[in-house]
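Some notes on the structure that comes next.
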Amino acid sequence: MNSIEVKSLTKKFGSFTSVNDISFEVREGEVFGFLGSNGAGKSTTIKMLCGILAPTSGDALVGGFSINKDTDLVKRNIGYMSQKFSLYNDLTVSENINFFGGIYGLFGNKLEERKSWVIRIADLYGKEEHLTSSLAVGFKQRLALGCAVIHEPQIVFLDEPTGGVDPVSRRKFWDLINELSDKGITVFVTTHYLDEAEFCNRIILINGGKLIASGSPKELKEEYIKNPVYEIDCSDIYKAVKVLENGLFTDNVTIFGNSIHVSLKSSPEFKVNQPENDIEMLNVFLEKENGLKVLRIQKISPSLEDVFVHLIESKK
Ligand SMILES: Nc1ncnc2c1ncn2[C@@H]1O[C@H](COP(=O)(O)OP(=O)(O)O)[C@@H](O)[C@H]1O
Ligand SMILES: [Mg+2]
């Protein structure tokens, strides 16, 4: 069963096309990652799917309701956590939960029950009367998520929920996402952290408003990275990148932190089918032919970052 079906969705602001004719489906209960760099069109798409922004053309069914025709029903049946999450900083934790519960018509025992749940998942036991402004960002994010799903929607949209937090809080937040998904809730999450995309069941990538790839992380790697990828640590990595880019046997060359990732062309004349030969060849090329000092060369499994770089580069 699909919980979201998007058909040729387009949004124009004047003559500028922010989201350009995208179509995709999201299955019930999956964690669906919506990836793209800043300005790719992620927030614009989410706002349309939440019934906040009218599309220029196209339509989507969210939980079976059309975003054009049944906008109110869409809004009532989803949870939405915006990029600048919508908590009130000058209210206490408890007041924020009461406020959001009230918007969704919760009161009495039901509200108390949901409130305990939010306090538990946000790790805020004993801090109910603290001002929201005094909380660390990681706590605020979990509180915002709790408030966004206080009415137990079957679909929740999270727009870059982990922006600007430390890795431990990010991991805790992802534990919560998985907890929701285990209950059968569909989680639609945007991010530009590619390591987070690895936790999603399926992802789509958009660039400049256009959908450029979709599939599970494994499918995307198999489809787009056919040739072996090597990680190289060496002296003068900028020089190394330059010479590798000009090498006849290399395909993609990218800097990752202090290392270089290089994928090789699969042409047999370069004997790249056996790792020993590849490593030997890269060693000779960098050390003997270009005077660099190689510290380490290792074959690696491609990451989604490799896929993304490959896709974006090939669209230029
Ligand atoms: N209300 C608006 N008016 C004009 N341009 C907009 C508006 N909202 C977004 N845009 C433009 O649409 C593009 C996509 O924006 P957005 O969806 O926020 O990207 P993302 O969330 O992927 O960073 C950007 O170039 C942005 O400047
Ligand atoms: Mg955004």
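Heavy-atom basis, side chains included; hydrogens, waters and symmetry copies ignored. Keep in mind that this is a model prediction, so the values were computed, not measured. Every number for a ligand or one of its atoms is a count from 1 in the order of the listing.
Looking at ligand 1, you'll find an N or O of Lys42 within less than 3.5 Å of one of its N or O atoms.
Within ligand 1, counting atoms from 1 as listed, the ones closer than 4.0 Å to a heavy atom of Phe16 are 11 (C), 12 (O), 13 (C), 25 (O). Heavy-atom proximity to Ser18, at under 4.0 Å, picks out these atoms of ligand 1: 12 (O), 13 (C), 14 (C). In the vicinity of Ser37, heavy-atom distances shorter than 4.0 Å reach the ligand 1 atoms 22 (O).
The heavy-atom pair separating Ser37 from Phe308 by the smallest distance is N-CZ, 4.4 Å.
A salt bridge between Lys183 and Glu152 is absent, with no side-chain N of the basic residue lying under 4.0 Å from a carboxylate O of the acidic one.
Using modelled atom types, one finds no donor on one side chain facing an acceptor on the other under 3.5 Å when comparing Thr10 with Thr56. Defined by atom type and a distance below 3.5 Å, a donor-acceptor pair is present between the side-chain atoms of Lys115 and Asn98. Inspection of the Asp159 and Ser43 side chains reveals an N or O donor paired with an N or O acceptor under 3.5 Å.
Taking the six-membered ring where the residue is Trp, Phe32 and Phe24 present parallel rings, their angle staying beneath 30° rather than reaching 60°. Between His151 and Tyr104, the ring planes are parallel. Angles under 30° get that label, and only those over 60° would be called perpendicular.
Listed by chain and residue number, the protein N/O/S atoms under 2.8 Å of the Mg ion (ligand 2) are Ser43 OG, Gln83 OE1, with waters left out.
Shortest contact from atom 9 (C) of ligand 1 to any protein heavy atom: Phe13 CE1, 3.6 Å. Shortest contact from atom 19 (O) of ligand 1 to any protein heavy atom: Gly41 N, 3.2 Å.
For atom 27 (O) of ligand 1, the nearest protein heavy atom lies 4.0 Å or farther away.
A side chain to side chain contact (heavy atoms under 4.5 Å, CB included) with Thr162 holds for exactly one of Lys172, Arg171, Arg170; it is Arg170.
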Please report the C-alpha distance between Arg202 and Glu219 in whole Å, then the side-chain angles of each, then the deciding distance to 0.1 Å, and finally whether the salt bridge (charged side-chain N to carboxylate O under 4.0 Å, His left out) criterion is met. CA-CA 9 Å; Arg202 288 192 310 132; Glu219 283 165 357; over 6 Å; no

Output, in order, the C-alpha distance, side-chain angles, deciding distance and verdict of salt bridge (charged side-chain N to carboxylate O under 4.0 Å, His left out) for Glu113 and Lys110. CA-CA 5 Å; Glu113 182 201 310; Lys110 186 69 196 171; 3.4 Å; yes

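Proximity annotation for atom 15 (O) of ligand 1: of Asn38, Thr44, Thr17, Thr44 comes nearest, heavy atoms only. Closest to atom 24 (C) of ligand 1 by heavy atom, among Ser43, Gly39, Ala40, is Gly39.
Between Tyr80 and Phe157, the ring center distance fails the sub-6.0 Å criterion.
Using a 4.0 Å cutoff on heavy atoms, Gly36 does not count as a contact of ligand 1.
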